[in-house]
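Below is one structure; the comments refer to it alone.
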Amino acid sequence: IEKKEEKIEKKEEKIEKKEEIVSQNSSTKESECPDFNNKINVFNEALINFSEPAGFTTLLTGFCELLNNVHQSKNTWMPNSMTSITCYQELLIVLLKFLDVNEVFSSCFFFS
């Protein structure tokens, strides 16, 4: 019984230490963390500033080929003759983000 009580006390002490750490971390302000203030998201900047027409056609054909892979791999005559990409959901999210952020690409996408 004493061993069980000691284990319970140790667990309670660990929980208290974790709660103290969480409370200390939540009390820090943004001004105390200068490394994370005013950081530029390079990916978003690249999506916004991308404006080459040749690059748009390359991106469109690449997106179409990759997204069409899922359909083609499931509709083959020989089972498992074509492997399907597993990241098509992430690819759709990137495409939607690109369409949302870059207006020139979205107009090119919808008019092609």
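More than 12 heavy atoms of other residues, nucleotides or ligands sit less than 6.0 Å from atom CD of Glu90.
Taking all atoms of both residues into account, the shortest heavy-atom contact from Asn69 to Ser84 is OD1-CA, 3.3 Å.
Using modelled atom types, one side-chain atom of Thr58 and one backbone atom of Ala54 make a donor-acceptor pair closer than 3.5 Å.
Here the CZ atom belonging to Phe43 is positioned 10.5 Å from the CD1 atom belonging to Ile48, to the nearest 0.5 angstrom. Within the model, atoms CG of Leu60 and CZ of Phe98 stand 9.0 Å from one another, a figure rounded to the nearest 0.5 Å.
Among Asn75, Asn68, Val70, Thr76, the single residue meeting the side-chain contact (heavy atoms from CB on, under 4.5 Å) criterion with Gln72 is Asn68.
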Side-chain donor-acceptor pairs under 3.5 Å in residues 99-110, sequence neighbours left out?
| from | atom 1 | to | atom 2 | distance (Å) |
| --- | --- | --- | --- | --- |
| Asn102 | OD1 | Val104 | N | 3.1 |
| Asn102 | OD1 | Phe105 | N | 3.3 |
| Asn102 | ND2 | Leu47 | O | 2.7 |
| Asn102 | ND2 | Phe50 | O | 2.7 |
| Ser106 | OG | Asn102 | O | 3.4 |
| Ser106 | OG | Glu103 | O | 2.7 |
| Ser107 | OG | Glu103 | O | 3.4 |
| Ser107 | OG | Val104 | O | 2.8 |

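For the pair Ile85 and Tyr88, the minimum side-chain heavy-atom distance is below 4.5 Å.
Both Val94 and Leu92 are members of a single hydrophobic cluster when ILVMFWY side chains are connected at heavy-atom separations under 4.5 Å.
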